[in-house]
Structure formats: C-alpha cells, structure tokens
Amino acid sequence: MIDLIFPDGSKRAYEPGTTGKQVAASIAPSLAKRAVLIKLDGELLDVDRPLEKGGRFEILDRNAPDALETIRHDVSHILAEAVQELFPGTQVTIGPAIEDGFYYDFAREEPFSLDDLARIEDRMKQIVDRDEPIVREVWDRDEAIRHFREIGEEYKAQIIEGIPAGEQVSVYRQGNWKDLCRGPHLPSTKAAGKAFKLTKLAGAYWRGDHRNPMLQRIYGTAWASEADLEAYIRRLEEAEKRDHRKLGRQMDLFHMQEEGKGMVFWHEKGLTLWRTVEAYVRRRLDAAGYQEVRTPQVLDRVFWEKSGHWEKYRPNMFVCETEEGEELALKPMNCPGHVQIFKFGQKSYRDLPLRMAEFGACHRYEPSGALHGLMRVRAFTQDDAHIFCREDQIEEETARFIELANSIHADFGLERDHIALATRPEVRAGSDEFWDKAEAQMLAAARKAGVEPVIAEGDGAFYAPKLDWVLKDSIGRTWTCGTIQLDYVLPERLGAEYVAEDGSKQRPVMLHRAICGSLERFIGVLIENYAGAFPLWLSPVQVVVATITSDADGFALQAAERLRAAGLRVETDLRNEKINYKVREHSLAKVPVIAVVGRREAEEGKLALRRLGSDGQQILTLDEAANVLATEAQPPDIRRRGSEA
RNA sequence: GCCGCCUUAGCUCAGCCGGUAGAGCGGCGCAUUCGUAAUGCGUAGGUCAGGUGUUCGAGUCACCUAGGCGGCACCA
C-alpha cells in the first residue's frame, strides 16, 4: 500500500497503481469530475497516471495556479496538432510553456503568415471542442526514434537520440496526433479551454544555436479563463502606452535616425532629465568616497592589444584610421583606462580601496538586430566605477556597494525584484578552485548586506562571477540594472600593483560596478516606470505657468521668474487659448504642476496650482508656491540631507 | 547577423481587384480674451523609405538596398 498525505494533513492508504482520478473519486465524485492534475511531493502528474509511491498529495482543478503552466503546455500541443493538420509536412520540434503563454517551434520551408495564425487559431478551437482524450504512453527509446524518423519527424528523432539508450520515453497522444513529451498534461483537449490567442510569429534557431537552421516559432498566450486573457491583453496595451520610444517622441525627449543606428539625439528636455539623473548619481558617488575621472574616448590599437580587447572584442569595436596610418579604436569600456590612472605613480595599500568612477561614454558595435530604443544602443554612457582593493576587502566593498545601489534604485522608484548571482559559465578562464572561491566571496558579500541572491547558473563573465540587480517597475515588469563583477584577470594583465605594508608589490583586485548600467538604458527604464509622468525632481518641465487672459501676462512672467529663481524648471504659456485647452495640453505632456493665472491671481499676487492627475487646486501666494514647490522638487538625497540637519 | 512583418504629410493613420494621393491632430493666418482635459473659420504641407523591373499605366505587383518593429542569436 502507499500512503497519501492530503493538504489538510490527513493520511490515507491506497493500492499501488491507483490513479489520481480514482483517489479523487474516493473522496467525492464532484472532485473527480473537476480533477485535471495531481501534485505528488511537489511534482505535477497526469490525473490518470497510476501512482507508484506515496507522499504529499494534492488534487488540482484547472483553476489552480499550478495548473496554468500545464494549460499552456497543452495549448502548445493543440497548436502543433492544428498546424500539422493544416500544413502537412511541417515538422514539430519543441513547444514549452513560458511566462504568460507558450510557443511551438516548427520546421517548414514556407513561412507562416499572419493570416495563417487566424486559421490555426480556429482549428485549435475545433480541437478543443473535439474533446480528444490526452493519453500518456510509454515507449522504448529506440522504437520511438525509429517511429518518428519513419513519419518524417527528424527533429523529434534527434531529441530522443539525446535520451540515454535503454531508457523509456513518454509519448502523449491526443486524437490522431502524438508528441514526445515529458508531460504532464490535462486529461483532454477540452480541459485546456479556449482562453488563448496566438500572438506573434518569429524565427528561432534549432536548439538555440545560430549555426543551426532557423525554425518558425509561433507564440501564444493562454489563461485559465477569458477574464484572465482579457486582463493580460489590457496589461499589454498598458505596457505599450509606456513604451519609452513612443513617449520619447511625444514628450520631445530624444530621437534616433537611420544615419546613427543605435545612437541617440538628446533633445533639450531629454538632456535635462539626463543631467538630473547624472547630477544625483554623482552626488551619491561623491558621498560614498568615489573619485571621478575621465579617460580618452579614442586610443591606439596598441593599447587595446595590451588590454586583450583587440583579440577578443575587436568585432564589437568601432575602429578608425588616421591620415598617418594609425589605427585607433573608440573605447568599448572604461576599465583599461582606469587601470592606467591607477598605475600612474605608485599606489600604496593605504590608497585602497580606491574607488574610481567615470560617466564613461562607450561605443560598441552591437549587432543590428540587438538594437532597441534606449535599451540597447551603440553609443552609451555607463555610470561606471572600478574599485581597486585587496582580496580581504572584497566582501566589505561589495556589501557597501549593494547598499548604495539599493538606496539609489529606491530613490528612482524602482523596487528590487531580486539580485542574481551569475556563476561560472561553460567557457571560462581560471581553475575550479578559483571559481569556488570567487563565487563564495560574492555570496558572502551579498549575505553580509542582507541579500539572498538567486543563482543564475552559468551567467557569469568569463573571468569572474557577478551580481546583477533585477528591478521591478510600477507595472511589475523586470529590468536588469546594476551589476558588480569581481575581476582578478585585468589587474594582472595590465600590471596594476600596489606596495603592501611589508614593502612587497601586490596585485589589487578590481570590482567593476555600475548602478544604472548605462544612463541611456536607465532613462528608458525610468520613462517606462513612470509612464512619462515623472516625480517633480526628475521632470524636465516642472511647472507651466498658464494664463487665462492676456491681462495676466505680466504677472505670469513675473511668477515664472520667481519660481525659476527658486531653482524650478518653468515654462510659460501665454498663448491666446482657452485655459481648458492649455490644461489639457500640458496634462497630456505630463507636466507635474500647472500654475494657472487669471485676473484674480494677478490682482492678488497668487498662483492656482494644479497637480497632474488631480483636478483640485491649491491657491498660494507667489512666495508660498515657490517654497512649497522648491522643497518638493528636491532630489531625494538632498531632501534627506535637509531633514537630518 | 538570422527569420518574419512594416515603411504614405511634422505626428497617428486611411487608400478595394494596379487608373497617377486622403483624414484627424499639429503648423501657419484671421477672428475670439473665453476660469481648470480640445473655440471657430481659412490655409500651406507628400520624389507614397531608396533603387531596379513588370505593365499602356505602380503607393498598390516582383526583386534588391536601407531603416524600423517582433522574436532568435549576441550582450566578453
């Protein structure tokens, strides 16, 4: 007999080979009817799977959160079935559930069209209506290879060949269609429901390797209910409204054009935002004991040969030639330059830790397909810094950095989702002992700062592990901003050293770190996080003084001057337009404060302040308004400083 | 870089089976001075991304190039 422990803690014994469905039936017929999956010791299984062992046992209906992934996986199979019915000769490959949905990769000569998606979707709904039972079968591996090869499924056969010989494989059958699959699945195509939608077509390399043929990937989304599907679609629409590329144009922040692929033309308002962010970060770095430097933009090839970039990174570098035949390259990163400053003169152990910062403008020739608005560009400015320190200072410096980064992210309204510890990649420099040590150091430092990192297996740089910040924005999307990487290699390679207490020459360790990553990207994230409606301190235009009639023009100009004198970024709107029109226009432009001036205000020397997103107003004298707004517009670090005083 | 889609006025977009361009917003002009999310009238804007071809005729079809978008790969 096997013992099943139910969620309420009760325990019951069953014959081995009893199915989940039978267990459900033994409790209540209605439960058996609703049961679509079971969970045994945390593992999801088919409801009809005979149980071989006991354990913590749970019966799931299709609304259970844990069932959603299986619904998506089922729908991906239904997609594959529909495609093979409609397009005979198409080979199936893999089709997993992913966040918010699923995809399936197909091999077919002719590309699918957008029109095909609608046809496929219709057929999928028919398959759901057919209520085809989904049945698990266990096959011999070699027989499975033979079978799939026979029916022309070369990719499937290849997948099975990857399974060790002698093992059995599971094949799921629905109607006349079958697929190699680990499962689990719901009991029938009907259980998957119809709350799905095919969303996009894309190319994807077989097995994720660009040397392999390109397959056609169909993406879809699937949910337990129509309502969830609707909510998801609304969420997408909301995200689209926040697109920084769209808002960047609408708000006149920046633009890009084809002659400068991946390069940004910052307009006045965008640069104001930039300067605000930069000034803030600079103050934080100053306060945290960093020294700011600036290193050359273009350096001779010889320099990059020494640093190793010429050999390893050349294809990603912008290279130019001079009239005199020199070969120069734009810097793709700041570290080699910083090492030069470190090496200039002698450094003592007393100089360590030495925190060297630069708002470093870097150029990288990124593949054209990788470019994406401000998020991935070819010319960008890193809020870069390198901390030169002794090995025994790594933990302390990393922990301090974690606190600094956390505080800065929070000031920008970004919540931390998690910090990832990226561990040794497959291709790497250094021994296993080195990696054991380096990974342990990063982990210990994170814990010292009270953070338990999520392990990102194999994501480290080739020379060392790193911590990456994954931030969550106001609508729950995540962005990777901020990193700290341990580096033993570059100081060695470029010959950085310091004089230790005993007079010996020692190698410092370098910590590469950035909090924003690149200012371009970070500003992109900020635009999307705030949907363009920035808090007062970041807003490019903080106040618009708008007149109701031209009688108030004089006072409006005077008020604007007064607010400017208080340090605010102010525009005036004296146009001969109705106040409704002005309010609407500046509201759409996401100006945080509109100061309305009519005859009344002009006479009394007051301003009627209207905040974005509210239709109330606050009537203040000019001086009061200047004080209130100037205080409100203080960057968070300055405000804290003020409240401490 | 790879696969697919897209590119029409400053912006957002319409243009059926090929018959030589249209709207709204914005701009400009005039009138209106009107108290919190669109005042009215008038008017100027286009080598239909660029190129080649098919055709009596191409914004519409084919091919090439560039850029953009969605993915994939890349992000040392």
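So you know, we letter chains A, B, ... as the sequences are listed, proteins then strands, and number each from 1.
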Taking the side chain from [X] and the backbone from [Y], do they hold a donor-acceptor pair closer than 3.5 Å?
X        : Y        : result
A:Gln542 : A:Leu536 : yes
A:Thr547 : A:Asp573 : yes
A:Glu577 : A:Lys582 : no
A:Arg569 : A:Pro540 : yes

What integer distance in Å separates [X]:[atom1] from [N]:[atom2]?
X        : N     : atom1 : atom2 : answer
A:Lys582 : B:U39 : NZ    : C1'   : 13 Å
A:Arg314 : B:C75 : CZ    : P     : 18 Å
A:Ile218 : B:G4  : CD1   : C1'   : 12 Å
A:Glu258 : B:A66 : CD    : P     : 11 Å
A:Glu366 : B:G1  : CD    : C1'   : 12 Å
A:Arg245 : B:C6  : CZ    : C1'   : 13 Å
A:Tyr103 : B:C72 : OH    : C1'   : 10 Å
A:Asp116 : B:C5  : CG    : P     : 11 Å

Can you check the distance between [N] and [M], where both ends of the measurement are the [atom1] atom (answer in whole Å)?
N     : M     : atom1 : result
B:C30 : B:G35 : P     : 23 Å
B:A44 : B:C2  : C1'   : 45 Å
B:G45 : B:G26 : C1'   : 11 Å
B:C6  : B:U43 : C1'   : 33 Å
B:G59 : B:C17 : C1'   : 16 Å
B:A66 : B:C56 : P     : 32 Å
B:G40 : B:G24 : P     : 12 Å
B:C16 : B:A49 : P     : 14 Å

Is the closest basic N to carboxylate O distance between A:Arg600 and A:Glu604 below 4.0 Å?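 Looking at A:Glu604 together with A:Arg600, the answer is no, because their closest N to O distance does not fall below 4.0 Å.
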Between A:Glu238 and A:Arg242, is there a side-chain N and carboxylate O pair less than 4.0 Å apart?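 A salt bridge is present here (some side-chain N lies under 4.0 Å from a carboxylate O).
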Nearest to the side chain of [X] - [options]?
X        : options             : answer
A:Met214 : B:U36, B:A37, B:G71 : B:G71
A:Arg376 : B:C75, B:A37, B:C72 : B:C75
A:Ser550 : B:C75, B:U33, B:U36 : B:U33

Let's test this: given Watson-Crick or G-U wobble pairing with both distances under 3.5 Å, identify the partner of [N].
N     : result
B:C75 : none
B:C56 : B:G19
B:A44 : none
B:U39 : B:A31
B:G67 : B:C6

Has the side chain of [X] got a donor or acceptor atom sitting under 3.5 Å from an opposite partner on the base of [N]?
X        : N     : result
A:Tyr205 : B:G71 : no
A:Arg610 : B:A37 : yes
A:Glu601 : B:G35 : yes

Does A:Gly616 or A:Arg575 map to a spot on RNA chain B nearer the 5' end, using the closest nucleotide for each?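 Per heavy-atom nearest nucleotide, the more 5' residue is A:Arg575.
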Whichever of A:Gly373 and A:Asp551 has its nearest RNA chain B nucleotide further upstream toward 5':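 Final value for this comparison: A:Asp551.
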Just checking A:Ala608: base, sugar-phosphate only, or nothing, at a heavy-atom cut-off of under 4.0 Å?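 Answer is base: heavy atoms of A:Ala608 come under 4.0 Å of a base.
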For A:Ala204, answer base if it contacts any base atom (sugar-phosphate contacts may also be present), sugar-phosphate if it contacts only those atoms, and nothing otherwise; contact means non-hydrogen atoms under 4.0 Å.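 A:Ala204: backbone/sugar contact only, no base atoms under 4.0 Å.
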Any idea if B:C17 is syn or anti, going by the 90°-from-0 cut?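 You should classify B:C17 as syn.
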Among side-chain atoms of A:Glu358 and A:Thr295, is any donor-acceptor pair under 3.5 angstrom?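 Side chains of A:Glu358 and A:Thr295: pair found under 3.5 Å.
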